[in-house]
Amino acid sequence: MNYWLLKSEPSAWSWAMQEKEGAKGTVWTGVRNHLAKKNLMAMKAGDKGFFYHSNEGKDIVGIVEVVRAPYPDPTAAKGEPWAAVDVRAIMAMPKPVPLAAIRAEPKLARMALVTSARLSVQPVTKVEWQIVCRMGGIN
DNA sequence: GCCAACGTTGGC
DNA sequence: GCCAACGTTGGC
């Protein structure tokens with residue numbers, strides 16, 4: 001299983017909205033960057049991801065699960081090869097993990113959130129996943 | 001194919 | 001609101 005981080009501005013798509021979609025989940029659209037798309041394309045059903053609020057909040061607020069493997073983004077312009085996956089909310093972080101806390105943790109210095117701040121779909125290593133979960137009050 | 005100009009993202 | 005980082009565009 002692989003781990004990811006998905007970014008969204010809460011004014012456009014928030015964790016609360018994601019939770020309302022319930023167990024069936026909903027499509028994650030709008031990725032328009034080739035590296036982010038490459039990461040999306042590597043996802044498999046059952047993978048997990050952090051849900052990160054950019055711009056407002058700037059924290060990891062929840063965990064989602066990929067429920068449908070990559071397929072063409074229905075919101076892409078005709079003929080453009082962008083991809084989407086379906087994700088569902090699994091649980092909110094008991095304690096949201098702020099970006100500042102991630103930056104302050106030396107073990108997370110190589111996390112993509114720190115090194116590639118603008119990438120909207122990022123891989124997360126298993127070690128990083130576990131550290132962030134612990135910081136968020138899981139375990 | 002290079003690179004300057006420009007647009008966008010996102011933290012501060 | 002500012003600006004750094006980074007991607008894209010377009011002239012040459």
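Every chain is numbered from 1, with letters handed out A, B, ... down the list of sequences.
- Hydrophobic side-chain contacts under 4.5 Å tie Tyr71(A) into a cluster, directly or through other members, with Val27(A).
- Of the residues in residues 107-118 of chain A, those placing a heavy atom less than 4.0 Å from an atom of DNA chain B are Ala117(A), Arg118(A), in numerical order.
- Residues Asn39(A) and Trp4(A) bring no donor and acceptor atom of their side chains to less than 3.5 Å of each other.
- Arg32(A) comes within 4.0 angstrom of nothing in the nucleic acid, heavy atoms only.
- With hydrogens and angles ignored, the 3.5 Å screen pairs a side-chain donor or acceptor of Asn33(A) with a backbone N or O of Leu35(A).
- When atom types are taken as modelled, the side chain of Lys37(A) and the backbone of Pro81(A) share a donor-acceptor pair closer than 3.5 angstrom.
- Checked against a 6.0 Å centroid threshold, the rings of Trp13(A) and His53(A) do not count as neighbours.
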Distance-only donor-acceptor hits, side chain of residues 100-116 of chain A, under 3.5 Å, sequence neighbours excluded:
from      : atom 1 : to        : atom 2 : distance (Å)
Glu105(A) : OE2    : Lys107(A) : N      : 2.9
Thr115(A) : OG1    : Met111(A) : O      : 3.4

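- Follow the hydrophobic side-chain contacts under 4.5 Å out from Val97(A) and you reach Ile90(A) in the same cluster.
- Taking the 5' to 3' direction, DNA chain C first and last meets chain A under 4.0 angstrom from a heavy atom at dA5(C) to dT8(C).
- In the hydrophobic clustering, where aliphatic and aromatic side chains (Ile, Leu, Val, Met, Phe, Trp, Tyr) are joined below 4.5 Å either directly or transitively, Met41(A) stands alone.
- Sorted by residue number, the members of residues 33-42 of chain A with any non-hydrogen atom under 4.0 Å from DNA chain C read Asn33(A), His34(A).
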